Amino acid sequence: MEKAINNSLCFGLYEDNQQLGFARVITDFATSALLKDVFILEPYRGQGLGKWFVEYILEYPELQDVQRWMLGTKDAHGLYRRYGFKNLTEPEKIMMRLNTNADQA
């Protein structure tokens, strides 16, 4: 995870010195961005922080030229649809490869 964080654009959500949330973006800052590992700690959920955090990331100045955003979510589809994310229109064109020799995080 340390290597992943070091090679991503990371965002932290804090109150005083307490971290409440985290997200990271893997991007070339032009053609694509992958929003990953978005979380708000349980005691702080339901207060609108997730919505604010996603808006902040999508409006981040260095990311304004990104043409295509992607993400994966287990249970927050409704949240991301508010910001224009949709199911893949042509999932048959998206492929993946797992490297069985790499540590799986």
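Reckoned from all heavy atoms, side chains included, excluding hydrogens, waters and symmetry mates. Quantities reported herein were computed from a predicted structural model and do not represent experimental measurements.
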Taking side-chain hydrogen bond (donor to acceptor under 3.5 Å, both in side chains) as the cut-off, I'd like each qualifying pair that reaches into residues 18-35, sequence neighbours left out, listed once. S8-R24, R24-D37, D28-T31

Could you list all the salt bridge (charged side-chain N to carboxylate O under 4.0 Å, His left out) pairs where at least one residue sits in residues 82-98, not counting sequence neighbours? E90-K93

How close do I57 and A23 get, heavy atom to heavy atom, and via which atoms? CD1-CB, 3.5 Å

side-chain hydrogen bond (donor to acceptor under 3.5 Å, both in side chains): pairs with one or both residues in residues 48-71, sequence neighbours excluded: E55-Y83

Between F11 and V25, the two heavy atoms sitting closest are CE1-CG2, 3.9 Å

A side-chain contact here means heavy atoms from C-beta on lying under 4.5 Å apart; do F85 and L58 qualify? yes

Same apolar cluster: M70 and Y80, side chain cutoff 4.5 Å: no

What about L34 and L63, same hydrophobic cluster or not, with Ile/Leu/Val/Met/Phe/Trp/Tyr joined at side-chain heavy-atom distances under 4.5 Å? no

Minimal heavy-atom distance between G21 and F53, with the atoms involved, is C-CE2, 4.2 Å

Determine, using the 4.5 Å side-chain heavy-atom cutoff (strictly less than), whether L41 and F22 are members of one ILVMFWY cluster. yes

Quick one: are R81 and N87 in side-chain contact, heavy atoms under 4.5 Å? yes

Here the pair of heavy atoms bringing L49 nearest to Y44 is CD1-O, 3.7 Å

Between L35 and L71, which heavy-atom pair has the shortest distance, and what is it? O-CB, 3.5 Å

Does Y14 share a hydrophobic cluster with V54, counting links as ILVMFWY side-chain heavy atoms below 4.5 Å and allowing steps through other members? no

Spacing of CD1 belonging to I94 relative to OG1 belonging to T89, to within rounding of 0.5 Å: 8.5 Å

Is the shortest side-chain heavy-atom distance between L9 and F29 below 4.5 Å? yes

Interatomic distance, NZ@K36 vs OG1@T73, rounded to 0.5 Å, equals 11.5 Å

